[in-house]
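Before we start, here is the structure in question, set down as structure tokens.
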Amino acid sequence: MSTLYLGADKSNISQYVLFSGDPWRVEVLRQYLHNPQKVAFKREFNTYTGTYKGVEITITSTGIGAPSAAIAMEEMYQCGMEVAVRMGTVMALQDDMLGKFIIPIAAMRREGTSSSYVDMTYPAVADIDLVNCMNQTVTDMGAEYKNGLNCTMDGFYSKMHDSRFSLEWGRDMSEIFAELKKLQVTGIDMESACMLTVGRLMGVKTCIVTMTTVLENLKEELLGQARTDAEDLLCRTALEGICRFSKCR
């Protein structure tokens with residue numbers, strides 16, 4: 001029987017799953033797979049399974065935020081997932097990170113979904129072997145990375161970027177950024193802590209591979225071809241990294 005939201009089952013899902021936030025970035029990933037087979041495109045979940053250098057890999061999307069990311073993790077686990085890599089974009093808190101990778105070793109759990117699984121004292125920590133494999137892959141691809149601490153939050157326009165409404169209500173994003181910098185946080189996103197927490201509870205080896213496309217409060221961002229090239233590099237690096245990891249398990 002197919003899963004409720006992703007429309008997947010054990011017959012068409014690999015033990016290696018690559019998660020993208022953006023459903024359309026999955027179409028970029030698909031171009032690098034051999035014989036990609038469409039599983040389904042339901043709601044925000046766009047899913048294919050194919051091979052990369054002889055390794056069967058499933059690629060799927062989560063949409064934005066922790067609740068849908070947890071659904072994707074749950075349904076892929078139901079189908080036999082053993083290794084999970086979230087690849088996506090991230091807002092960096094350091095000005096020299098634009099166009100560079102952030103591969104966090106852990107994340108602050110400031111989203112609400114992971115607390116529905118386990119007490120907030122439980123850490124959101126990446127699998128160190130998977131992280132090390134991704135680090136080396138980034139280096140071999142000629143790019144730069146930082147292993148830092150991410151902070152995952154739910155409210156983009158209430159915590160991460162000014163909007164008309166947030167300004168009308170007097171929300172001061174600078175206080176959030178200042179606090180996180182003091183805590184040595186490297187980047188901010190909306191999924192990582194939840195996926196790391198749920199993955200570890202499941203016994204699934206999980207890590208996060210992100211490309212810095214914006215700086216705090218979108219004060220600077222990659223645009224046009226630079227953004228396209230950065231996301232393409234992200235896709236190729238994530239595929240190569242999960243392939244390498246499969247061969248050294």
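Just so it is clear, the model here is predicted, and its values are computed rather than measured.
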Cluster overlap L233 with M91, hydrophobic side-chain contacts below 4.5 Å: no

Residues forming a side chain to side chain contact (heavy atoms under 4.5 Å, CB included) with E175, sequence neighbours excluded: D172

Closest heavy-atom pair and its distance - V131, P104: CG2-O, 4.2 Å

Exercise: identify the closest heavy-atom pair between C194 and S114: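 In terms of heavy atoms, the two residues are closest at CA-CB, 4.1 Å.
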
From CA spacing to verdict: side chain to side chain contact (heavy atoms under 4.5 Å, CB included), I188, V90: CA-CA 6 Å; I188 306 172; V90 65; 5.7 Å; no

K146 atom NZ, neighbour heavy-atom count above 12 within 6.0 Å: no

Test item: side-chain donor near acceptor, T58 and T49, under 3.5 Å: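 There is such a pair between these side chains.
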
Pairs flagged by side-chain hydrogen bond (donor to acceptor under 3.5 Å, both in side chains) wherever residues 231-242 is involved - sequence neighbours left out: R25-E231, Y32-D232, Y52-E240, K53-E240, R227-E231, D232-R236, E240-R244

Modelled atom types, side-chain donor and acceptor of S11 and D9, under 3.5 Å: yes

Listed partners of F156 passing ring pair (Phe, Tyr, Trp, His ring centres under 6.0 Å), at least two apart: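 Once residues adjacent in sequence are excluded, the partners of F156 under the ring pair (Phe, Tyr, Trp, His ring centres under 6.0 Å) criterion are H161.
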
Partner residues of R43 under the salt bridge (charged side-chain N to carboxylate O under 4.0 Å, His left out) criterion, sequence neighbours left out: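 R43: no salt bridge (charged side-chain N to carboxylate O under 4.0 Å, His left out) contacts found.
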
Side chain R109, main chain T197, donor-acceptor under 3.5 Å: no

Rounded distance (nearest 0.5 Å) linking atom OG1 of T210 with atom CG of N150: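 The distance works out to 5.5 Å.
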
Joint cluster assignment, F19 & I59, ILVMFWY side-chain distance < 4.5 Å: no

Value rounded to 0.5 Å, distance of CD1 in I103 from OG in S192: 11.5 Å

Hydrophobic cluster of F41, others only, ordered by chain and residue number, side-chain cut-off 4.5 Å: W24

L6 and K42, any side-chain heavy atoms less than 4.5 Å apart: no

Any side-chain donor near an acceptor of the partner, N132 and Q136, under 3.5 Å: no

Contact summary for K10 and Q78, nearest pair of heavy atoms: CE-O, 3.3 Å

Between CD on residue E221 and CG on residue L218, distance to nearest 0.5 Å: 5.0 Å

S246 versus V55, closest heavy-atom pair with distance: OG-CG2, 3.3 Å

N/O donor-acceptor pair under 3.5 Å between T62 side chain and A72 backbone: no

Ion pair E179/K182, N-O distance below 4.0 Å: no

Flag side-chain contact, heavy atom, 4.5 Å: I71 against F45: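 I71 reaches F45 side chain to side chain.
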
Whether E111 side chain and T113 backbone form a donor-acceptor pair below 3.5 Å: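 Yes, because the side chain of E111 sits within donor-acceptor range (under 3.5 Å) of the backbone of T113.
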
Trace of the side chain to side chain contact (heavy atoms under 4.5 Å, CB included) decision for T152 with R110: CA-CA 5 Å; T152 302; R110 288 195 173 177; over 6 Å; no

Donor on one side chain, acceptor on other, Y48 and E27, under 3.5 Å: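 A pair is found: one side chain offers a donor N or O, the other an acceptor, under 3.5 Å apart.
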
More than 12 heavy atoms of other groups within 6.0 Å of K219 NZ: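 Yes, the 6.0 Å shell around NZ holds more than 12 heavy atoms from other groups.
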
Verify same cluster id: V185, F101 (apolar side-chain graph, 4.5 Å): no

Whether T139 side chain and N135 backbone form a donor-acceptor pair below 3.5 Å: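 At least one qualifying donor-acceptor pair exists.
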
Within one Ile-Leu-Val-Met-Phe-Trp-Tyr cluster: M160 and L149, side-chain cutoff 4.5 Å: yes

Backbone of D22 reached by a side-chain donor or acceptor of S20 within 3.5 Å: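 Side chain of S20 to backbone of D22: a pair is present.
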
Nearest heavy-atom neighbours spanning L93 and L180: CD1-CB, 3.7 Å

Whether over 12 other heavy atoms sit under 6.0 Å from I64 CD1: no

Linked hydrophobic residues, F165 as query - side chain contacts closer than 4.5 Å: W169

Atom pair CE/CD of M81 and E74 - distance to nearest 0.5 Å: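 So the gap between those two atoms works out to 9.0 Å.
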
Listed partners of T51 passing side chain to side chain contact (heavy atoms under 4.5 Å, CB included), at least two apart: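 Residues passing side chain to side chain contact (heavy atoms under 4.5 Å, CB included) with T51: H34, E56.
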
Between CE on residue M211 and CG on residue L234, distance to nearest 0.5 Å: 6.0 Å

Cluster link L4 to V198, ILVMFWY, side chain under 4.5 Å: yes

N/O donor-acceptor pair under 3.5 Å between D154 side chain and G112 backbone: yes

Identify every side-chain donor-acceptor pair in residues 200-208 under 3.5 Å, counting partners at least two apart or on other chains, and give the distances.
residue : atom : partner : partner atom : Å
R200    : NE   : V125    : O            : 3.2
R200    : NH2  : V125    : O            : 3.4
R200    : NH2  : A126    : O            : 3.3
T206    : OG1  : V204    : O            : 3.0

Residues which pass side-chain hydrogen bond (donor to acceptor under 3.5 Å, both in side chains) with S163, listed by chain and number, not counting sequence neighbours: S166

Greater than 12 external heavy atoms within 6.0 Å of Y157's OH: no

Interatomic distance, I242 atom CD1 to S14 atom OG [nearest 0.5 angstrom]: 7.5 Å

For T60 against T47, the heavy-atom pair lying closest together: OG1-OG1, 2.6 Å

Set of salt bridge (charged side-chain N to carboxylate O under 4.0 Å, His left out) partners for R86, sequence neighbours left out: D189, E191

Criterion side chain to side chain contact (heavy atoms under 4.5 Å, CB included) on L222 and V214, from CA distance to verdict: CA-CA 6 Å; L222 292 179; V214 297; over 6 Å; no

Heavy-atom neighbours of F177 CZ exceed 12 at 6.0 Å: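 Yes, CZ of F177 has more than 12 neighbouring heavy atoms, counting only those of other groups under 6.0 Å.
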
E168: partners by salt bridge (charged side-chain N to carboxylate O under 4.0 Å, His left out), with sequence neighbours left out: R164

With sequence neighbours excluded, residues passing salt bridge (charged side-chain N to carboxylate O under 4.0 Å, His left out) with K100: E144

CA sep, side-chain torsions, deciding dist, call: C243, Y16, side chain to side chain contact (heavy atoms under 4.5 Å, CB included): CA-CA 9 Å; C243 175; Y16 300 101; over 6 Å; no

